[in-house]
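Report on the structure given below.
Being a predicted model, the structure only gives us computed values, none of them experimental. Naming convention: chains lettered A, B, ... in sequence-line order (proteins, then strands); numbering from 1 in each chain.
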Amino acid sequence: MSSRPREKPFWLRPPWQILFDLAKLYKVRPWDLNIARLLSTFLNEMRKTGYIDFAASGTALLSSSTILRLQSETIMKPEEPPETPEAKPMEPIPPALQLPFRYEFTSTTLDNLLAALEEILKIETVRKTIKVSPITPPVAEFFREYEQFTIQEDELEDFYVQLQQKLKGKATLPLSQLVKGKNRLETVRIFMILLFLASQGRIELIQEEEFGEIEIALNSELSEVDRILTT
Amino acid sequence: MTESSQLKELDKHPEKLLLEPTGEAEELQAKKRLIEAALYVAGYPLELKTLCSVAQIYSKRKVQELARSLAEEYKARNGCLEILELEDGRFVMQLKTEYVPRVRRLSIKPLLTEGPLRTLSYIAYKQPVPQAKVIDVRGPQAYEHIHRLQEMGLIGREKFGKSHLLRTTSVFSDYFGLSKELKLMKKQLEAMFTQAEKEATKRREEKTPASQG
Amino acid sequence: MTESSQLKELDKHPEKLLLEPTGEAEELQAKKRLIEAALYVAGYPLELKTLCSVAQIYSKRKVQELARSLAEEYKARNGCLEILELEDGRFVMQLKTEYVPRVRRLSIKPLLTEGPLRTLSYIAYKQPVPQAKVIDVRGPQAYEHIHRLQEMGLIGREKFGKSHLLRTTSVFSDYFGLSKELKLMKKQLEAMFTQAEKEATKRREEKTPASQG
């Protein structure tokens, strides 16, 4: 008759447990919760177990609607009008009193100026003779290290032409396909080129989901221009 | 009185009779000029003993007499300069206040601009006044003003609980020839403010003569 | 002569008759005082056009007349100060030379502290010099120095491509008694600098005669 203590259902574990703990639900910031993700993973898990608990699903649904309501409330809530600053005490400020002017003979003479000049020229000569050796490697050397990450203009253009070829007849091309069989460094380079092209407005990068596939599309307006130019 | 002190002087230093055969009046005139030169060059109040040493006069009283007569001379001239005798007996030469706004831009030494001067007026009038109050009324830039005024020795700042109290210094009183007694000084200030306002209005009117024609 | 120019002035600006109902003599006296104030505050020679703007007089000739009459007034007073008309037409108020050695010790404030003075001397010697070069040699604190020197009217700063060029002003030349002509001034500085160096070397040699004997 040994009975294993019944395991807690998975939805009472994080991250789903929030959907079943009403007290906690009101304490979190509603916009910190991604309901779509919570619910889809909840259903996936439930499907995996092969046991559909309608009561739990119902509670999850109710909690989700509560979160949605809380979220919409924060949007709709009109901003508090800024507090009106306390009226400053209207205090009469007396007019500016002019200080009487007192001319002063200053003690600085041409000799002082010359002495200062001597001093500064001495320092300048010393500085010239003691040239501090550079701590950083020369510029060219510095950049060589990063050469693999620098993108040349030609490279960008070549890649764009290839991309156009690959996209012929297709709306989009998944990034995963583009980098298939490439090593890490090559992948990084390709991604950088894509970012350059996207920033130039020549392509669009679309990612529907967080960490999901990145789809590449030619910018429709530009591809139209390209079409006219090439025909 | 001048003559009696001259005689006293000669009594003390009979050698003068031999050494300086020029007329006594001329001699005094020359000493007066030295005092004037000292006041012009210094640009800060000079003590009687300093004036004594410059004019090579041994008696403070004599020097005081000469300096006073110089101040009178300046007053009678009705020029733009004045010589003031301060409460503590020092003398100073300065440009009369009303001329300052018209010529300040020519000074090689940077002068206080309108902002810090207003803060100074406020402190002088309200003193002793908490620093926080001054900042409140004059805005955050008053921190800089207070620093500058303190640097120039025009105001003092003393700890008062967690805050600071500000008040004007004797240097301030010296500039305006004001009493060091607070109540009296405030009364004197009030009169000056009225005068300052009048002059400011006049300057404004002068600047826009076309609008009046 | 004064009267004729007064009339000329009124011919040119008949509105003055309406705007300034005060006695013309009083008016001129007030303007003379402003010129006096300007000369006192500056301490260096002022051009006629500067005096015109201070006294709000449109004619240089009129200002010159007033300044000359002021100089006469000072001469008649026979005080320690004098107003001189320089060859180039500028006017300056100064202490008569004979008083300088007697009172010089009372001037205790330097025009500039050591840091800004060095920056100034460097600019004067290398001018026109790019601001970046000055910062390079004098360090980042030179930004503050440049600002200060500009505020005092000792140097000017003009846009030059993306940077700024610095050079000294006529106020600088006047203060140190140097030529306003750039090439000549640099030559003067170089000559004096070489002279000063020679003297310094001589002094050093004199100090250590033992090592030579």
Original post:
Just checking heavy atoms, which of residues 78-88 of chain B are less than 4.5 Å from chain C?
Top reply: Asn78(B), Gly79(B), Cys80(B), Leu81(B)
Can you confirm whether more than 12 heavy atoms, excluding those of [X], are under 6.0 Å from its [atom1] atom?
| X | atom1 | answer |
| --- | --- | --- |
| Lys75(C) | NZ | no |
| Lys159(C) | NZ | yes |
| Lys180(C) | NZ | yes |

Does [X] reach the side chain of [Y], with side-chain heavy atoms less than 4.5 Å apart?
| X | Y | result |
| --- | --- | --- |
| Leu39(B) | Val103(C) | no |
| Tyr40(B) | Tyr40(C) | yes |
| Arg104(C) | Val41(B) | no |

Subject >> With Phe160(C) via side chain to side chain contact (heavy atoms under 4.5 Å, CB included) - residues at least two apart >> reply: Leu165(C)
Is [X] in contact with chain B via its backbone, its side chain, both, or neither, using a 4.5 Å heavy-atom distance?
| X | result |
| --- | --- |
| Leu112(C) | neither |
| Phe172(C) | neither |
| Glu73(C) | side chain |

Original post:
With chain C, which of Leu95(B), Leu46(B), Leu70(B) has the greatest number of heavy-atom pairs at distances under 4.5 Å?
Top reply: Leu95(B)
Original post:
With sequence neighbours excluded, what pairs up with Tyr122(C) under the ring-ring contact (aromatic ring centres under 6.0 Å, His included) test?
Top reply: none
Subject >> Nearest-0.5 Å distance that lies between atom OG1 in Thr169(C) and atom CD1 in Ile108(B) >> reply: 7.5 Å
Original post:
Atom OG of Ser107(B) and atom OH of Tyr44(C): how far apart are they, to the nearest 0.5 Å?
Top reply: 7.5 Å
Original post:
How would you list all residue pairs meeting salt bridge (charged side-chain N to carboxylate O under 4.0 Å, His left out) that involve residues 36-45 of chain C, not counting sequence neighbours?
Top reply: Arg77(B)-Glu36(C), Arg33(C)-Glu36(C)
**OP:** Scan side-chain atoms only and decide if Thr50(B) and Arg105(C) contain a donor-acceptor pair under the 3.5 Å cut-off.
**Re:** no
